[in-house]
Amino acid sequence: MKTQVPILITMIVGASLVLAMFVPHSPFRTLDEHFSVWFDILACFAFVLGGGNLLKVHLRKVSARGKDWAYSAVTVASFLVMLVAGLFKLGAPSWDTDFIGDGTWFKAIYDATFAPLQATMFSLLAFFVASASFRAFRAKTREATLLLVAASIILVGRTPLGDTLTAWLPRPLEFLRIANLSNWLLSVPNLAGQRAIMVGIALGVISTSLKLILGIERSHLGGVRE
Amino acid sequence: MSGAMSGATLADSMILWVGALLTLAIFSFLYRDNPFYKFAEHLFVGMSAAYWMVTGIWSTIVPNLFGRLYPPSLRAILPAVAEGTPNLWYAVPLVLGLLLLARLVDRIAWLSRWAMAFVIGFAAGTNFTRYLQSDFVGQIKSTIVPLVVLGTGAAGTADGGGGASGLDLGATISNIVIVVGTLTGLVYFFFSKEHTGATGKAARVGIWVLMVTFGAAFGYTVMARVSLLIGRFAFLGQWLGGMF
Amino acid sequence: MPAPRTREPLHCTLARIDRRVIFAAMTLAVALPMLFHLEFPVHPSPIVTRIFEKIESLPPGARVLFSFDYGPSTAPENQPMAEAALRHALARGCRVYLMTIWATGPPQVVRAIDNAVKTDFVDRVYGRDYICLGFKAGDQGAINALAADFKGMFTTDANGADIESFEMMRGIESTKSFDLIVAIGAGLPGVKEWIQFAADPGNVPIVAGTTAVEAPLLYPYYPRQLIGLMGGLQGAAEYEAALLAKYPQFGERSARAIRMMGPQTVAHLLILALVVIGNVAFVLERRAQKRATR
Amino acid sequence: MTPDAWFNPAKSNLFVIAAILVAGFVWSIQRARAGAPIKIRRIAGLDAIEEAVGRATEMGRAVLFVPGMRDMDNVQTIAGVTILGGVARKTAEYDTRLIVPTSRSLVMSTAREAVRGAYLAAGRPDLYSDEMIYYVTDEQFGYVAHLDGVMVRQRPAACIYMGPFFAESLILAETGNSVGAIQVAGTAQPQQLPFFVAACDYTLIGEEIFAASAYLSRDPAMVGSLRGQDFGKLVAMGAIAAGVLIETLRVVTGSVALASLSERFLRLFALNF
């Protein structure tokens with residue numbers, strides 16, 4: 001029951017979805033679409049599971065009064081405030097309006113906190129890009145040097161300065177202008193590399209899927225092979 | 001930038017202030033970990049978990065589960081859906097969802113594996129077909145190009161070299177690089193052959209191609225990240241401009 | 001390297017540079033050019049010029065579909081390019097149709113209408129010259145459906161008014177009814193899906209603008225399946241430059257990306273300088289090590 | 001095509017290609033099970049995991065494992081969780097603390113099964129606790145903010161990132177580096193690979209992440225599937241080489257017969273036959 005049934009479920013669901021590509025007959029025709037919606041629904045139950053787990057972890061920290069328990073209280077409080085505001089559509093004119101419409105508390109909290117926090121975390125990347133450039137991008141090997149050269153051409157090529165720097169090149173050497181060079185880099189070697197990676201990944205995905213459907217891969221079930 | 005505050009309501013300026021202070025709290029992490037960052041981090045975690053939960057409930061569970069299982073239940077919330085006919089198949093995801101929640105109770109936690117098995121099967125089935133079609137077969141097809149290009153001004157190359165007649169040198173070189181690059185890149189990924197001898201040489205060329213790819217991605221990504229930082233600074237400028 | 005005995009070798013000094021110094025440098029590299037309004041002259045590259053020429057060639061009354069497939073998080077990159085192309089299409093007297101397949105897109109459409117249409121083209125009439133169709137869910141499925149039956153998907157405009165009540169919607173059957181698609185995107189679904197599901201199957205001309213991160217992934221389509229591409233902020237700035245050269249009346253309002261390219265360029269130079277300094281330190285260090293082992 | 005047919009002829013070419021690939025896989029797996037010796041090349045990134053766990057043990061610090069930013073419907077996440085099983089087996093043997101924050105609760109559930117199984121297999125079920133693996137938030141940057149906090153406060157000696165990663169890759173790798181952790185990463189997101197390659201000590205590139213579970217387990221059937229993957233690459237390379245040859249000859253000779261052959265060959269790879 002604990003291992004065999006899950007393996008059987010995985011096998012049936014996976015195999016019928018693969019068949020669905022070739023078999024237009026019902027029920028296969030709409031299987032992909034229905035299973036997608038089912039998965040979305042399950043993922044939403046998972047939000048409840050996740051939220052429950054989050055509360056459990058942080059409430060335990062609060063009640064134990066360990067180090068930094070006050071911050072856990074911040075997490076619990078902000079979780080509950082956002083949850084209540086959203087589930088009860090606080091501030092909305094009626095129940096049949098959008099839960100994140102204008103004037104709702106949910107949207108106001110979102111605008112004041114969620115949106116700037118997200119954008120700022122995102123923009124931290126510019127700083128980390130700078131420190132990584134200094135620390136990590138070193139021409140240790142021939143490979144690393146290639147990466148650096150390609151990156152530098154793009155970095156300079158995508159600014160007004162790069163244009164000015166190489167605009168003097170005469171017509172027969174036009175292809176060496178940095179804008180042209182960076183275009184070529186993107187549309188030729190970059191393309192080849194992307195393709196090799198994509199085909200490799202596709203085979204990796206196909207192989208993993210097959211192992212799951214055939215029940216060979218089962219470590220996600222805690223399954224040590226019998 | 002300035003003047004944006006004129007005519008702003010109290011609520012708007014509060015939103016701006018809270019946003020600006022939280023922006024600074026996150027930036028302070030760059031100096032080192034500190035109570036402001038810790039506060040912002042814990043706030044972010046709690047709020048965003050609830051945000052996704054609420055969004056999931058209103059945009060998926062309500063219309064796609066209850067709305068299909070028993071539409072009349074939604075008369076007050078989604079009148080447009082309430083007239084539909086019940087679809088009992090949606091009892092299956094309901095049951096699977098409840099099985100998933102069994103994880104919260106230790107004694108029956110193993111039942112959640114059944115729901116997980118569905119998810120894994122779904123992943124295996126859909127990804128198998130999707131990757132086979134667009135990434136495996138699709139990419140093979142796109143790589144089939146002639147190694148020799150005749151005529152002038154052939155589209156697809158940026159360097160536009162070549163002469164007035166006969167061979168288009170630029171396009172020819174580009175196509176050779178694409179084919180050789182793709183093939184040697186694939187050789188790099190061989191697992192059952194050590195990278196020695198001819199395989200080793202091909203794999204070597206393959207890794208060079210991969211490195212150029214990574215370099216290009218690096219350059220472009222740097223550009224995008226800097227633009228976002230400029231956007232954030234402009235936001236702080238708007239806040240500062242509003243203060244004076 | 002003949003350094004005096006009392007001073008520590010240069011590579012040690014360089015290796016000890018704190019991350020925070022680099023962070024401070026980055027802050028200054030962005031903030032100072034913003035404060036002092038540093039600007040560089042921008043020249044459009046061929047891949048952007050082709051977009052400009054395409055829109056320039058459209059006759060008055062041509063139908064142009066704009067899709068704003070991005071949210072606030074990438075607006076610094078996407079918004080200037082969307083507005084520049086929109087201004088250009090309106091200046092040519094085209095009829096423009098604005099929509100989005102991103103749930104976070106509608107506020108961006110509204111902003112573009114406020115910034116571009118309502119300031120520079122006050123004489124244009126809603127429903128005759130421009131229309132806001134709003135958001136449509138379904139990702140690439142939505143594009144696929146629009147390619148078959150446009151008004152079947154958009155039964156109303158963004159404000160809920162019947163689609164048939166608008167003069168400019170007459171004769172729109174599918175995406176094939178448009179003379180040009182302008183897709184401004186930040187990821188999935190985005191430009192790639194517009195090419196695959198609408199432009200390619202229906203043979204509709206398409207031009208695009210994307211974030212810098214997305215741009216390398218779209219080069220395989222240029223120039224056959226995609227007429228031109230604005231990649232990141234630089235792409236947007238180049239378009240603004242092309243637009244201002246022909247239509248100087250837009251002035252400062254259509255130079256946002258050009259202004260942002262000032263700090264952007266300085267930041268790029270900083271990154272390059274950091275790479276160089278890092279590598280100098282690395283070479284010195286390796287040399288010192290070799291000497292020590294000898 | 002009639003909507004109620006039992007086979008869609010427009011997909012018959014895909015069916016044949018899929019059949020060839022599947023047959024290659026099954027044959028390789030059967031051969032490996034029958035005991036045919038299969039050599040697998042060294043994958044440095046995977047060997048580094050053992051080293052990383054060993055170092056964490058010496059230093060008495062934790063190992064942080066991040067399974068990426070997507071849900072269980074992503075095959076990379078499944079691969080990540082499988083690798084986590086291998087890592088957990090090592091931390092169980094060495095009695096090293098393991099921290100696994102997840103951004104999806106389904107990933108949390110699956111990861112708990114995998115880690116519990118690994119601790120059981122290593123004979124140390126007493127060391128396992130559910131608290132090692134916990135859900136943070138689905139929000140990308142909320143999760144990153146938390147991971148950064150964990151890194152600077154708990155100072156793990158090893159950070160392992162395996163799964164689908166996006167913009168956050170560099171924030172994680174740089175923060176991990178600033179606390180002096182040894183870092184091993186693996187992802188199949190091409191845009192993020194340069195950052196992992198530059199900022200981490202070892203990186204599994206693209207397909208290598210899918211080879212990891214076979215590599216770690218050394219189970220014959222799993223190793224056989226790697227052979228199957230190589231067979232698939234040979235199929236791809238052969239098809240490309242043949243196609244390029246035909247196309248080139250067509251251009252050089254200008255022959256009509258070759259033109260129709262090349263057209264037919266390309267049609268074999270059409271998405272709708």
Side-chain angles (χ1 to χ4, degrees), chain A residues 18 21-26 29 39 42-43 46-54 57 68 114 117-118 120-122 124-125 127-129 131-132 135-137 144 147 151 193-194 196-212 214 216-217 219-225, chain D residues 1 3-8 11 14-15 21-22 25 29 71 73 75 78-79 81-82 85 104-106 108-110 113-114 116-117 120-121 134-139 141 144-145 167 170-171 174 177 188 190 194-195 197-199 206-207 209-211 213 219 221-222 225 228-229 232-233 236:
Chain A
V18 172
M21 177 164 70
F22 306 109
V23 182
H25 198 282
S26 61
R29 187 157 27 115
F39 171 75
L42 268 181
F47 288 137
V48 180
L49 177 62
N53 195 65
L54 184 85
V57 168
D68 284 348
F114 192 105
L117 280 169
Q118 190 188 39
T120 312
M121 280 303 294
F122 208 164
L124 282 186
L125 274 163
F127 294 103
F128 288 113
V129 157
S131 71
R135 185 184 66 75
F137 284 93
L147 193 158
Q194 299 274 11
I197 298 177
M198 277 167 89
V199 172
I201 290 171
L203 285 166
V205 169
I206 291 171
S207 155
T208 307
S209 302
L210 208 59
K211 282 186 279 185
L212 290 165
L214 297 177
I216 296 173
E217 171 83 88
S219 58
H220 59 277
L221 290 171
V224 193
R225 246 154 268 106
Chain D
M1 179 190 88
D4 250 14
W6 282 98
F7 186 73
N8 182 355
K11 299 282 177 200
L14 281 179
F15 184 79
L21 289 182
V22 172
F25 274 110
I29 291 172
D71 217 329
D73 66 330
V75 181
I78 300 178
V81 170
T82 309
R104 300 286 189 270
S105 74
L106 293 182
M108 173 189 78
S109 304
T110 329
E113 296 283 1
R116 193 205 313 267
L120 202 66
Y134 58 94
Y135 165 81
V136 183
T137 168
D138 276 63
E139 165 56 33
F141 286 106
V144 174
L170 188 64
I171 303 186
E174 275 294 290
N177 180 270
F195 298 101
V197 167
E207 193 186 355
I209 186 177
F210 299 109
S213 62
D219 172 77
M222 300 282 271
S225 75
Q229 266 162 265
K233 265 167 285 190

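None of the values given here were measured: they were computed from a predicted structure. Below, chain A is the first sequence line, B the second, and so on; all start at residue 1.
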Test side chain to side chain contact (heavy atoms under 4.5 Å, CB included) applied to D:Thr82 - qualifying residues, sequence neighbours left out
A:Glu217, A:Ser219, D:Ile78, D:Ser213
Proximal component of [X], with respect to chain A [non-hydrogen, under 4.5 Å]:
X        : result
D:Val136 : backbone
D:Ile209 : neither
D:Ala236 : side chain
D:Ser109 : side chain

Quick one: closest heavy-atom pair of [X] and [Y], and the distance?
X        : Y        : answer
D:Ser105 : A:Ala46  : OG-O, 2.5 Å
D:Ser225 : A:Lys211 : OG-NZ, 3.2 Å
A:Leu203 : D:Gly232 : CD1-C, 3.6 Å
D:Gln229 : A:Ser207 : OE1-OG, 3.0 Å
D:Phe210 : D:Ala79  : CD2-CB, 4.0 Å

Criterion side-chain contact (heavy atoms from CB on, under 4.5 Å) on D:Phe25 and A:Ile206, from CA distance to verdict:
CA-CA 10 Å; D:Phe25 274 110; A:Ile206 291 171; 4.1 Å; yes
Among the listed options A:Leu54, A:Leu124, A:Leu147, the residue most often paired with chain D at heavy-atom distances under 4.5 Å:
A:Leu54
Residue among A:Val18, A:Leu214, A:Val23 with most heavy-atom pairs under 4.5 Å to chain D:
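Heavy-atom pair counts peak at A:Val23.
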Give, as side chain, backbone, both or neither, the part of [X] having an atom under 4.5 angstrom from any heavy atom of chain D.
X        : answer
A:Ile201 : both
A:Met21  : both
A:Phe22  : both
A:Phe114 : side chain
A:Val129 : both
A:Gln194 : side chain
A:Val199 : side chain
A:Ile197 : side chain

Run the side-chain contact (heavy atoms from CB on, under 4.5 Å) test on D:Tyr134 and A:Asn53 for me, step by step, so that the C-alpha distance in whole Å, both residues' side-chain angles and the decisive distance to 0.1 Å come before the verdict.
CA-CA 7 Å; D:Tyr134 58 94; A:Asn53 195 65; 4.0 Å; yes
Heavy-atom pairs under 4.5 Å with chain A are the metric here; pick the option from [options] that has the most.
options                             : value
D:Gly228, D:Gly85, D:Ala188         : D:Ala188
D:Asp138, D:Leu21, D:Ile29, D:Val81 : D:Asp138
D:Ala198, D:Gly206, D:Pro194        : D:Ala198

May I ask you to check whether A:Phe128 and D:Phe195 place their ring centers less than 6.0 Å from one another?
no
Mind telling me whether A:His25 and D:Trp6 have parallel, tilted or perpendicular rings, with 30° and 60° as the class edges?
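Aromatic pair D:Trp6/A:His25 classed parallel.
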So, D:Asp71 side chain and D:Asp73 main chain: donor-acceptor pair closer than 3.5 Å or not?
no
